[in-house]
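Here is the naming used below: chain letters follow the sequence lines, and residue numbers restart at 1 for every chain. When reading the values below, keep in mind they use all heavy atoms of this one structure, side chains included, and skip hydrogens, waters and symmetry mates. Keep in mind that this is a model prediction, so the values were computed, not measured.
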2 protein chains.
Amino acid sequence: MSASNVRTMIWDGKALKLIDQRKLPVIKEYVTCDSYEKIYSAIKDMVVRGAPAIGVTAAYGVAIAANQFNGNSERDFVDFLEKAIVKIGSSRPTAVNLFWALRRMRKTITDLKGRNIEDVKAKLVSEAVKMEAEDIKINKMIGKNGIQAFSDFLNDKEKLKILTHCNAGALATAGYGTALGVIRSLAEAGRIENVVVDETRPYLQGARLTAWELHEEKIPYFIIADNMAAYMMSKNEVDAVVVGADRIAANGDSANKIGTLGVSILAMHFKIPFFIAAPLSTIDINISSGDDIPIEERDGNEIRELMGKKIIPEYMPVKNPSFDYTPNSNISAIITEKSVIKNPFKNNIKELFK
Amino acid sequence: MSASNVRTMIWDGKALKLIDQRKLPVIKEYVTCDSYEKIYSAIKDMVVRGAPAIGVTAAYGVAIAANQFNGNSERDFVDFLEKAIVKIGSSRPTAVNLFWALRRMRKTITDLKGRNIEDVKAKLVSEAVKMEAEDIKINKMIGKNGIQAFSDFLNDKEKLKILTHCNAGALATAGYGTALGVIRSLAEAGRIENVVVDETRPYLQGARLTAWELHEEKIPYFIIADNMAAYMMSKNEVDAVVVGADRIAANGDSANKIGTLGVSILAMHFKIPFFIAAPLSTIDINISSGDDIPIEERDGNEIRELMGKKIIPEYMPVKNPSFDYTPNSNISAIITEKSVIKNPFKNNIKELFK
């Protein structure tokens with residue numbers, strides 16, 4: 001099912017096996033989720049992360065919940081599934097794809113009202129499998145549209161040096177990736193000179209996950225500490241920036257991993273195109289601007305400790321906002337599976353959702 | 001001798017004891033340097049860091065070298081000292097205070113030509129002791145001038161939220177600090193609401209050293225990952241930025257810890273005053289602009305490992321520039337012991353060095 005050398009999730013017909021992204025690249029280990037409670041914990045504790053990957057995982061979570069149900073009453077079954085959906089939905093507040101996937105599963109349940117419970121169970125599984133396949137297909141279309149976006153903003157520059165922040169790769173999706181899908185797609189066309197990988201504190205998704213994916217794909221790259229991005233831009237090491245998104249407001253303001261806002265401001269300063277790559281399911285047309293996107297604040301120990309190593313004593317106060325949002329004014333274009341959205345974002349997004 | 005609760009260096013009459021800044025704040029341990037070779041290693045391996053602290057340490061290194069000499073020939077003595085000076089000077093390329101301190105010690109040697117070797121030895125020790133005392137005095141004057149700079153640019157705002165990057169504190173100097181000296185000085189005047197501390201990858205001088213100093217001084221603060229600075233600025237958590245410098249060109253371009261350039265661009269974007277605090281010895285009038293400041297590139301393993309914990313495999317390429325320079329156009333003012341230097345920096349620096 002995967003579209004790259006990296007397998008984020010494996011559905012074995014009963015359980016979802018998720019590669020433990022907290023341990024990569026040093027340890028390659030899968031966590032088996034055979035209950036929706038385990039799916040909830042895997043999302044909450046970041047075994048799996050990345051908005052599209054969380055969405056597909058959540059869909060499998062509902063399918064697994066259905067299989068956990070042993071009774072005969074349709075009403076009990078629906079109540080049980082609703083409880084599971086609410087629980088899974090409480091795992092990460094910022095990723096809109098999570099809610100999008102749960103809504104779609106809920107609709108599947110509603111549409112099958114009155115049908116045999118076993119049929120519903122089978123249908124929920126096939127719906128999750130379908131969403132996984134769709135996600136990969138969408139990513140490939142984003143990759144294709146990405147090539148167009150780069151041509152539009154970089155005058156068909158042949159060899160590109162691209163900076164990315166966090167991991168919007170195969171690991172953040174069902175496979176292939178959004179931002180890293182665009183990079184994969186450019187690499188397939190022989191157009192990548194180098195990828196500058198922000199390490200992305202505190203969780204190091206860049207240094208651990210993006211670097212590992214690029215290594216597996218044999219795409220040239222080097223890792224930098226987040227605070228080196230301005231220096232690299234000042235030394236002409238960056239032609240363009242491409243990142244993913246966890247939620248995009250109706251006006252194009254885009255929430256993504258903490259640090260993205262800073263990179264977008266640096267890119268503007270150095271007149272470097274800044275692209276968001278994300279599926280349409282990331283756009284939340286019910287939210288008018290970035291100010292209304294809830295920002296998850298995570299435990300301070302994620303800053304105090306690094307992969308189990310204590311670096312800062314407990315008594316020291318830290319802040320750990322996990323996301324920020326980049327105003328539409330800092331964004332050159334949003335690359336989706338359908339089209340490349342440009343300024344004016346508000347109107348163009350409205351047109352797209354008509 | 002120290003002007004704060006933090007003792008960076010202790011001269012015991014024979015050897016220089018340096019607090020091991022690689023281990024703070026978890027372990028408080030002093031490294032005893034009783035030879036100039038040990039002084040060289042302590043600077044190179046970052047037992048001691050911070051431009052002014054490196055300068056004073058280097059001066060003690062020359063005094064220690066003098067005491068290591070056992071012969072009677074003045075010529076051999078001078079040759080030995082010159083060898084020690086060259087060796088110590090090769091430890092860190094960016095910190096200009098290192099060369100400034102060594103020049104001053106070399107001048108002391110030249111001025112005492114023909115004098116008894118024991119007299120020269122004693123004089124070199126007293127010169128180093130004097131430089132340590134002077135550094136603390138200078139920092140206190142920088143602190144005093146800092147209050148003026150804040151008044152000029154922040155309309156006498158009473159309570160201040162200040163962001164700082166890296167450590168330009170007591171630990172980076174003989175005591176009190178430059179940027180942190182300004183913060184100490186504002187705190188003594190009851191004007192600090194909060195200090196936002198960039199953790200400062202890869203060495204975490206912010207999270208480990210600045211946070212520890214602020215804790216010891218009971219000044220309110222919290223630590224953030226470097227990539228959270230833009231978010232904090234966007235949420236009005238930062239009224240001003242103050243940082244140190246390792247070398248300042250004749251036009252005001254200022255080299256400082258990697259990441260400073262990025263912070264300066266973010267501050268400009270959010271219309272937040274950005275101050276450099278540094279002694280006049282940091283200004284290198286022989287260098288016309290930041291482009292001519294040598295930037296030290298350190299070992300990639302400083303990124304791959306964190307306090308001994310391996311986070312990225314050896315096979316992954318990394319870049320580790322240790323400094324960047326901030327163009328004078330991004331700087332609101334340079335706070336020195338003599339005055340607050342404002343735009344036009346080139347003319348005003350020229351005037352100051354007349």
query = Given that the side chain runs from C-beta out, which part of A:Asp198 has a heavy atom under 4.5 Å from chain B: side chain, backbone, both or neither?
reply = neither
Contact summary for A:Pro317 and B:Tyr221, nearest pair of heavy atoms = CG-O, 3.1 Å
note = Cut-off 4.5 Å, heavy atoms of chain A, and the answer for B:Ile258 is both
request  = Can you tell which part of A:Leu306 gets under 4.5 Å to a heavy atom of chain B, answering side chain, backbone, both or neither?
outcome  = both
query = Of the backbone (N, CA, C, O) and the side chain (C-beta and beyond), which part of A:Ala229 lies under 4.5 Å from a heavy atom of chain B, both, or neither?
reply = neither
request  = Check each atom of A:Met233 against the heavy atoms of chain B and say whether the ones under 4.5 Å are side chain, backbone, both or neither.
outcome  = neither
ask   = Does NZ belonging to B:Lys346 count more than 12 external heavy atoms closer than 6.0 Å?
value = no
task = Side chain from CB out, backbone as N, CA, C, O: work out which of these in A:Ile295 comes under 4.5 Å of a heavy atom of chain B, or both, or neither.
result = side chain
inquiry  = When you compare the side chain of B:Asn227 with that of A:His165, does any pair of heavy atoms fall below 4.5 Å?
reply    = yes
key: Side chains of A:Glu199 and B:Ile303 in contact at under 4.5 Å (non-hydrogen atoms)   = yes
message = With rounding to the nearest 0.5 angstrom, report the CE to NZ distance, B:Met228 to A:Lys319.
response = 11.5 Å
task = Provide the closest heavy-atom pair for B:Ala207 versus A:Ile312 in the form atom of the first, atom of the second, distance.
result = CB-CD1, 3.5 Å
note = Turns out that what part of A:Tyr325 lies under 4.5 Å from chain B's heavy atoms comes down to neither
key: Inter-residue atom distance B:Met316.CE - A:Trp212.CH2, 0.5 Å rounding   = 9.0 Å
Part of A:Ile311 lying under 4.5 Å from any heavy atom of chain B = both
ask   = Do other residues, nucleotides or ligands put more than 12 heavy atoms under 6.0 Å from the NZ atom of B:Lys44?
value = no
key: Atom pair CE (B:Met268) and CD1 (A:Ile265), whose distance is rounded to the nearest 0.5 Å   = 11.0 Å
inquiry  = Do B:Ser234 and A:Asp324 make a side-chain contact, defined as non-hydrogen atoms from C-beta onward lying under 4.5 Å apart?
reply    = no
